[in-house]
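Shown next, in structure tokens, is the structure this report addresses.
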There are 2 protein chains.
Amino acid sequence: MQLALATAGLGPVFEAAPALRSRQDGTDAGTRRRFEAGEEIYAEGDRVVHFYKVVSGAVRTYRLLSDGRRQIDGFHLPGDIFGLEAGAERRTGADALTGTTLAAFRRGDREALTGGAGALAQEVVAAMLRALERAQDHMMLLGRKSARERVASFLLGLAERAGTDGAIALPMSRTDIADHLGLTIESVSRTLTRLERDGVIALPAHRRTVLLRDKAALRRLNA
Amino acid sequence: MQLALATAGLGPVFEAAPALRSRQDGTDAGTRRRFEAGEEIYAEGDRVVHFYKVVSGAVRTYRLLSDGRRQIDGFHLPGDIFGLEAGAERRTGADALTGTTLAAFRRGDREALTGGAGALAQEVVAAMLRALERAQDHMMLLGRKSARERVASFLLGLAERAGTDGAIALPMSRTDIADHLGLTIESVSRTLTRLERDGVIALPAHRRTVLLRDKAALRRLNA
DNA sequence: CGCCGATTTGAGCAAACTCAAGCAGCGTGG
DNA sequence: CCACGCTGCTTGAGTTTGCTCAAATCGGCG
């Protein structure tokens, strides 16, 4: 705990978190690491060495109860930073959902963090704040929303983050969605089917794609 | 977003978050503010000016859906810091649960933040990390735990934080507990009654006190 | 073409919810 | 000092949403 706030003061930190900067030319600092679909990135209890930025692919981070119940606390898409922890040991596990490339940063690596006018350091703080906001949204979803509302919120959020307005390519299985939304796989499936029957979405034969037909209806369900 | 990480590097920030330092002589920086039971500290949509540290009393922070459903994302006890936000507008509301004294800090106030070797700045970062960990625990609770497990986890967590081992004085109503645990007030009440019938807890006539009779049983429910 | 894992669908069940009373603690005022 | 009423909590009865268990279907792939 030796964070210095010497140069800029604390104020601006808690002002708007700007969109993540991301160099498109692949010159980001950090070591590239490749993971295959389903491969473990780290496990609960591991020593924390790195944190990561998704370059391509998708990642799930999750916690387990002793009897195997799982809660996926987030899906991470290109540009997202994950793997920040307060302690020395991982409290969550992380796996690649699909073939995934990550940029890995040693969490104490000053070189990487201060290079480029501290752009990465800015990103890291922004990532923490964003993670907190997402967690708040998700607690509302898990604590107070119906299955239909949960699925609607999930689809809208994913569409927004992925940028692919209208058609979403789901990188995760029904089981993953269920463990994220606090539902069973059957409830997720039934809810999607009902949303399709009601003309709100369409589910092409390829079940890993969802078309958002009636965004207004989805937004109404979003609260 | 101008946080400087110049002096210490980022590494140590993500090492262990030490216990909050708190001067017992009342010489903490920050303006004292007093709130009565039920009084609003800030509301969703307010402009963010301060963040707070609880000196005495208890606070709830919450979010609302348009139809009035409420999710309390946390209760804040003496020593806790709350009211940190990424944006310029409040995304959560906050009320005092009981008569409460807060230390208020302007979020851009360098004087307060750099005084005392940046002790408060350290606390602020630690508070963010702790808030994130609590949010993860709470998502697991909301997404995957039964009513009985939720209440057990809640009681254990409160006992640990309040330090009063064995007997807990609840500063919040059943409605607040329900809105925190994603249950209805009736379910909270029934679950407490059942835990008492099973000898796990005792509920003295004064319904704002809970005695933890069988912590091992509670821990088993905590998963 | 036929297998295999993932998804969907069906039937019945159960945990938690809703609606509705009843009760207890506490402050107020007669 | 006690009755009254208010608020918060508990309890009961019946309903509902989402779960469990089970089977059918689908898409991908060898």
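Chain letters run A, B, ... following the sequence lines, proteins first and then strands; every chain starts at 1. Hydrogens, waters and symmetry mates play no part in the numbers below; they use all other heavy atoms, side chains included.
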Main-chain N/O of B/Glu149 paired to B/Ser153 side chain as donor or acceptor, under 3.5 Å: yes
Would you list the pairs meeting salt bridge (charged side-chain N to carboxylate O under 4.0 Å, His left out) in which at least one residue belongs to residues 181-200 of chain B, sequence neighbours left out? B/Arg148-B/Asp198
Go through it in stages, so that I can follow the logic: the residues are A/Arg161 and A/Asp80, the test is salt bridge (Lys or Arg N to Asp or Glu O under 4.0 Å), and I'd like the CA-CA distance, side-chain angles, deciding distance and then a yes or no. CA-CA 10 Å; A/Arg161 293 209 295 144; A/Asp80 290 348; 2.7 Å; yes
Positional range of nucleotides in DNA chain C within the contact set of chain A, heavy-atom, under 4.0 Å: C/dT7 to C/dA11
Tell me if a side-chain donor or acceptor on B/Arg90 pairs with a main-chain N or O of B/Gly83 at a distance below 3.5 Å. yes
Anything under 30° is parallel, anything over 60° is perpendicular, the rest tilted; go ahead and classify B/Phe105 against B/Phe51. parallel
How does protein reach along nucleotides 7-20 of chain D, written 5' to 3' as B (base within reach of a heavy atom under 4.0 Å), S (only sugar-phosphate), or - (no contact)? --SBBBB----SSB
Between CG on residue B/Leu218 and NZ on residue B/Lys215, distance to nearest 0.5 Å: 8.5 Å
Less than 3.5 Å apart, any donor N or O on the side chain of B/Tyr62 or B/Asp95 sitting next to an acceptor on the other? yes
